[in-house]
Chemist: 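Shown below is the structure under consideration.
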Amino acid sequence: MAAKFNIDQLNKAFESRIRLGIMSVLMVNDQVDFTTMKELLDVTDGNLASHISALEKLEYVLVQKKFIGKKPNTVFEASKLGKAEFKVHLNALEKLLKS
Amino acid sequence: MAQSTFKMLNTEEQLAALKDIQKMMERSSRFLSLNGLSGIFVGLIALAGALAAYLYIGTKAGKLPYFEYAKNANGEMNISFVGFFLIDALSVLFASLLVATWLTLRKAKREGEKVWTASGRRLMFNMAIPLGSGGLFCMIMLFHGYAGMVAPVTLVFYGLALVNASKYTFEHIKFLGLVEIFLGLFAAIFINHGLLFWALGFGVAHMLYGIIAYFTFEKSN
């Protein structure tokens, strides 16, 4: 029998490279602000915002809008659900490669 | 059939995705612009500083342990002796910081990385706490006349700072930290040879570590 792998475990929400990047960064950092994330991923404001809001809608990422003085400072954090789902996705990726 | 076709098409893509994830996790949490060359140069500077101190002590005739000269016969602080050591140590510190900063900026520029990032700031902050407290502690010991303990204490605190820093930069810097702590403790036991242990820790250990890091981790990339 061929090695089993379950396609269903690959999560469509993480298919774009930017979303993979966002989740990777949030797996190892408790909180990351908008500018840092933008620089790490090397994407535009709009691009980052749209991917973040998609992940926020799924409740994988928590978004907090704060102010430092008068400057708005948006901070991202991975939710428990997001971390769990991302781990499942990673395991599925690894299994796919091994099989 | 359908499954294996899917696999063939996607294996490379998936592999790239996994590599991306790994790289992003590392880049976002660790400061990776430090380099082995810094270790080599910092080691050389420290050896030069230790040599200067050794030659200076040589001018004092007598068989006392080196730190005894920090006090005059009447028990007061020997300002010129302590002053020489302070100037020597601070010159080593500033020259080392200068060279290490320059080499770090150079590497960051070459790799298209920024230096003043969240991970850079985190590394600085977490090194500054043990280093700053160690520095103040040494000043206090000097003030109380325990000049002989300064060399061991700088080694121990610097080692602790490196072990702490290993969470925020290359993990293998932890081993250099452990070596420094170990040498510091020995320097505290064999207190008369503090200068020798200091030269071993800040000079030789830095250079060896720098050479190993340069030729094993950096050349391969």
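Throughout, a chain's letter reflects where its sequence line sits, starting with A, and its residues are numbered from 1.
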Chemist: Within the structure provided, determine whether B/Asp20 and A/Ser24 are in side-chain contact (heavy-atom separation under 4.5 Å).
Modeler: no
Chemist: Using a 4.5 Å cut-off on heavy atoms from C-beta on, say whether the side chain of B/Arg122 contacts that of A/Asn29.
Modeler: yes
Chemist: Does A/Glu59, at its CD atom, have more than 12 non-hydrogen atoms belonging to other residues, nucleotides or ligands within less than 6.0 Å?
Modeler: no
Chemist: Hey, could you give me the CZ/CE distance between A/Arg17 and B/Met24, rounded to the nearest 0.5 Å?
Modeler: 8.0 Å
Chemist: Can you confirm whether A/Phe14 sits close enough to B/Ile21 that some side-chain heavy atom of one is under 4.5 Å from a side-chain heavy atom of the other?
Modeler: no
Chemist: Does B/Phe41, at its CZ atom, have more than 12 non-hydrogen atoms belonging to other residues, nucleotides or ligands within less than 6.0 Å?
Modeler: no
Chemist: Given a strict heavy-atom distance threshold of 4.5 Å, which part of B/Lys23 is in contact with chain A: side chain, backbone, both, or neither?
Modeler: neither
Chemist: Verify the neighbour count for atom CD of A/Gln31: are there more than 12 heavy atoms of other residues, nucleotides or ligands below 6.0 Å?
Modeler: yes
Chemist: Hey, what do you get for CG (A/Leu40) to OG (B/Ser28), rounding to the nearest 0.5 Å?
Modeler: 6.0 Å
Chemist: Tell me, yes or no, whether the heavy-atom count around B/Phe137 atom CZ, taken from other residues, nucleotides or ligands under 6.0 Å, exceeds 12.
Modeler: no
Chemist: In terms of heavy-atom contacts, does CZ of A/Phe34 have more than 12 from other residues, nucleotides or ligands at under 6.0 Å?
Modeler: yes
